[in-house]
Every structure is written in structure tokens, then in C-alpha cells.
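Only one structure is covered here, and it is reproduced in the block below.
Along the sequence shown, the residues carry numbers beginning at 1. Atoms within a ligand are numbered from 1 in the order they appear, just like the ligands themselves.
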Amino acid sequence: MMKQKINVIGGGFSGMTLAWQLAKKGFPVALYEKQNRLGGVIQTRLNDFGQAESAANGIMLSDDVLELFSDIGFSPVSTKSESNKRYIYRDKPKQWPLKIFESLFLLVRLVKVLIFGKKSIEPRSHQTIAEWSNQHFSSALTEFLLAPALQGIYAGDAHKMSATLILGPFFKNKKKRQSKQKGMVSGANGMEELIQKLAERLQALGVSIHLGQEVNSDQLSGPSVISTSVREAQAMLKEKNPAVSSKLEKIETAPIVTVTTYWKSFPQIYRGFGVLLPQAYQFQTLGILMNSFIYPFRDKFCAETYILGGPLRSSVIDWSDEKVLEKIQEERFKILGEKTELVSQVITRWPDGLPQYNVSLEKVLASLELPENIFLHGNYLGQIGLTKILSRSKELAEVLALKYH
Ligand SMILES: Cc1cc2nc3c(=O)[nH]c(=O)nc-3n(C[C@H](O)[C@H](O)[C@H](O)COP(=O)(O)OP(=O)(O)OC[C@H]3O[C@@H](n4cnc5c(N)ncnc54)[C@H](O)[C@@H]3O)c2cc1C
């Protein structure tokens, strides 16, 4: 018997990977994308100086990711060994930003966790990351290690981020299977290559792809999965499902500006994956990715991506290109001590760049009730990164397969 057709609205990584999972299970799938290309925020622009990613620079390996790669025929490029060095700024870039006495204090706290078990530090509902870390470890750990590390992934404020959402999975008793391979990868021609291979596979699986079609779930018959950004989902549900829409409205987002820069010469001292900047230093830059030391054979000049914005530096989104570039050159000198010529750059602005994994999101997710035949997918429903989005595509496809077999 022919299975029920499922509509997937949104052709970013969430929608594409869900469509892939559903099509592999034998469902007819219609994928709608309002733009004329698939990939959503993921896009690689090739230029005379190298590559520039507009959003994700890489994807973390997992068993699900390896299964995807093998099914779509994608050959990943691994990171260079130089990228094993990661820096956090504390008066200068450091691989370990805590001072000796702070490190000893942390060690004592970690021994306590070993003795009493990880359950003893399980986060409470509605506790922020900063509250959790200060309670069980120290403010130095919060400020100079945890907050900058999470800022590098979520572009969030540790004083608002939900400890349950971010750390909760670590405390679940599920036995995690170890992946065969670890680390971050991309394509030789950037993340766009992954999108292209995935799109080709969707076509081969018979997914009907409708590009340039902005649709609303109530226009379509049958079950629909809204796989868009939170703001787009909120707008889509506003008329027919105002209660869900007003809950989604409570989910905060923060603007992000990514600037891929090409410099005449390579940094003399600091070479690695990149540098994260703790809030205390008041830089506009949240982090620097040292692209030339991450993936091999990419750029003709020294390429670095500057990530600016986030909830505490949101005005950056309105800055002119000149102001952004002036600030980057000033901060590059302060952070890396480098003053070389900026040869070229690619600036991308994301006004609603990333959903904020705040306590307010924790509350919304706990109370979200969806109408019959409508499902949500995307980076605001549990995890932001591509690897976790892919896992959720797999889980959601299983839920849909059980319901509409
Ligand atoms: C600057 C930045 C850097 C990042 N870096 C990394 C990284 O290095 N590694 C990592 O794992 N993750 C990274 N991420 C996160 C990751 O890239 C995103 O979470 C993920 O790509 C989001 O995919 P999505 O499909 O959920 O949403 P989107 O990419 O936003 O896709 C949604 C799609 O829905 C379409 N759409 C919206 N409304 C409609 C409609 N009515 N009808 C039809 N189509 C519609 C949109 O046009 C869009 O194409 C980064 C994100 C950003 C912003």
C-alpha cells in the first residue's frame, strides 16, 4: 500500500535530512523551499582568495553523520593537526585560561564530583549555566572557560542560558555508543558540497523538491513538518495556530555577523583552530576561526572568520561594512598582536542568526502542544549543531513512520 505523503516545509539542513530519512523509509515526500536553492543558512561562496562560509564551517562526526556521508557519497575533509590548538583569551590567547590556584580549586571540585557521582551536580530546572557553574565549580570556570566555549557554539549569554537544555543530555543515563570517528569535517569545496550531495540523493530517492515556493502548512494536505527558523515558523502559524505562534514568539534569537577575512600574512605566534573571547574583555568579536589552519589546501591568503553579535553585542547587525572592518582590524591587533594588510573580506549578516538556549526556551519547549498533523523541526528544538539536528531528523522520521505507516 502507498504510504501517506509528508510535506516538509523548509529546505535547510533540518528539512533536507528529514526528507532524506523519510524517503529512505519509503514515504512520498514533498520538500518546499522558498528560496531558489537548498541549504538554508549553509552556503559556501568561492572567491579569488579562497572560500567563505556564511554559517556552519563544519559538522562534527557521529555514527549518524558517517551513515549520511556514505549514503549520499560525500567525501569529508578532516581538519589539520595544527587545529588541535584552541585558544581562549585571558590577557592573551591561552590554551588553558585558568590560573594555577583556579585550576587547583577546579581539581578539588572535580574530585568531589568523582566521589559523589555526576547526579550530585545535575542542573535544576530553570537554572542558568552561570548559576550552575558558580554553584558547583567557580566563577573563574564560568567566565573564562564555560561561557566562552558555549558562546562559540550558541552565541549565548551564560547568565541566561538554560543549564538543563545545554547540559541535560550529559546527565541522562542512556548509554552512549561511541562513534567510530570523531572530530569536525567539511567538504573540499566547503559545506555547500554536502548540501549538493544531499540534494542529489533526495532527487534520486524521488523527493519532489519545490524551489522558490513559500508555502504555509494550512495550504497543504496531509501531515506537514515545518522545518524553518523559529521566526519563520512563528509567522507561518500566526493565523491558524495563534497559541503555538505566540509561544514560539517567546523564544529569543540573537543577531550574528560573520566576516571571513583574507590577510596578507599568517599570524606569527598564534596558529590553531581559533580564539574565543570572554565577555569580560568587551570585545565585539565573540570568536575567531583560523580557517587556514583548520582545513587543508583552501585559501590563497591567511583566512580568518570573525563571528560578531550575540545577545550582548546585538547592535553590530546595524553597523556599516566600514565600521565592522575597522573594529575587526583593531581587535585583531589587540587579540593576536598582528597588524598586516586586510586583502579582502566577505560579510554575512543574520538578523535572527541563532535561537537563544535560554531558560525562556526551556519553558516554551516544556509547554509546546502542536495541532494534529503539524510537526516542528529546526535548530530551536533541542540542539543547534548539524550533528544533533541530523539525530533529531532520524528520531522525528521514526515518530512519523509510526504514526503514518
Ligand atoms: C553563523 C553560524 C555559524 C554556524 N556554525 C555551525 C558549525 O560550524 N557547525 C554546526 O554544526 N552548526 C553551525 N551552525 C548552526 C547550523 O548551521 C544551523 O543550526 C542549521 O544550518 C539550521 O538549519 P535549519 O534547516 O534548521 O534552518 P535554516 O537553514 O534557516 O533553513 C530553513 C529554510 O526554510 C526556508 N523557509 C522558511 N520559510 C519557508 C516557507 N514558508 N516556505 C518554504 N520554505 C521556507 C528558508 O528559506 C530556509 O532555507 C551555525 C549557524 C550560524 C548562523
* Decide salt bridge (charged side-chain N to carboxylate O under 4.0 Å, His left out) for Lys24 and Glu67; before the verdict, give the C-alpha distance in whole Å, the side-chain angles of both, and the deciding distance to 0.1 Å. => CA-CA 12 Å; Lys24 280 207 310 166; Glu67 186 201 332; 3.2 Å; yes
Atoms of ligand 1 less than 4.0 Å from [X] heavy atoms?
X: Ser227; answer: 32 (C), 34 (O)
X: Tyr32; answer: 43 (C), 44 (N)
X: Ile9; answer: 40 (C), 42 (N), 43 (C)
X: Gln35; answer: 47 (O)
X: Ile42; answer: 21 (O)
X: Gly58; answer: 7 (C), 8 (O), 9 (N), 10 (C), 11 (O)
X: Gly378; answer: 26 (O)
X: Gln213; answer: 42 (N), 43 (C)

Protein contact of [atom] - nearest heavy atom, named by residue and atom, plus distance:
atom: atom 29 (O) of ligand 1; value: Val41 N, 2.9 Å
atom: atom 52 (C) of ligand 1; value: Ala55 CB, 3.7 Å
atom: atom 24 (P) of ligand 1; value: Ser14 OG, 3.4 Å
atom: atom 36 (N) of ligand 1; value: Thr228 CG2, 3.7 Å
atom: atom 34 (O) of ligand 1; value: Gly10 CA, 3.2 Å
atom: atom 22 (C) of ligand 1; value: Asn379 ND2, 3.7 Å
atom: atom 51 (C) of ligand 1; value: Leu354 CD2, 3.7 Å
atom: atom 35 (C) of ligand 1; value: Glu33 OE1, 3.2 Å

* Asked: Are Tyr270 and Tyr87 near enough that their ring centres are under 6.0 Å apart?
  -> yes
4.0 Å heavy-atom contact, [X] with ligand 1:
X: Thr258; answer: yes
X: Met184; answer: no
X: Ile389; answer: yes

Taking the six-membered ring of [Y], is NZ or CZ of [X] closer than 6.0 Å to its centre and within 45° of its axis?
X: Lys118; Y: Phe170; result: yes
X: Lys197; Y: Phe74; result: no
X: Arg90; Y: Trp96; result: no
X: Arg271; Y: Phe293; result: no

Say whether [X], considering both its backbone and side-chain N or O atoms, lies within less than 3.5 Å of an N or O atom on ligand 1.
X: Lys34; answer: yes
X: Ile384; answer: yes
X: Thr387; answer: no
X: Met236; answer: no
X: Leu386; answer: yes

* **Candidates Asn47, Leu342, Asp48 - the one meeting side-chain contact (heavy atoms from CB on, under 4.5 Å) with Tyr262** => Asn47
* Identified side-chain contact (heavy atoms from CB on, under 4.5 Å) partner of Thr261 from the options Phe49, Tyr306, Phe301 -> Tyr306
* Heavy atoms, side chains only, cut-off 4.5 Å: are Gln345 and Leu325 in contact? -> yes
* Just by distance, with hydrogens left out, do His136 and Arg109 show a side-chain donor and acceptor under 3.5 Å apart? -> no
* Asked: Thr348 and Ser54: side-chain donor and acceptor closer than 3.5 Å?
  -> no
* Less than 4.0 Å between a side-chain N and a carboxylate O, is that true for Lys172 and Glu122? -> no
* Excluding sequence neighbours, so at least two apart, what forms ring-ring contact (aromatic ring centres under 6.0 Å, His included) with Tyr281? -> Tyr89
* Structure fact -> Nearest non-hydrogen contact to atom 50 (C) of ligand 1 from the set Gly39, Ser229, Gly40, Ala56 belongs to Ala56
* **Pair listing, salt bridge (Lys or Arg N to Asp or Glu O under 4.0 Å) test, anchored in residues 219-245, at least two apart** => Lys34-Glu232
* Per-atom contact, atom 19 (O) of ligand 1, protein heavy atoms, under 4.0 angstrom -> yes
* Asked: Stepwise, does the salt bridge (charged side-chain N to carboxylate O under 4.0 Å, His left out) test hold for Arg349 with Asp321?
  -> CA-CA 10 Å; Arg349 291 178 176 81; Asp321 286 4; 2.7 Å; yes
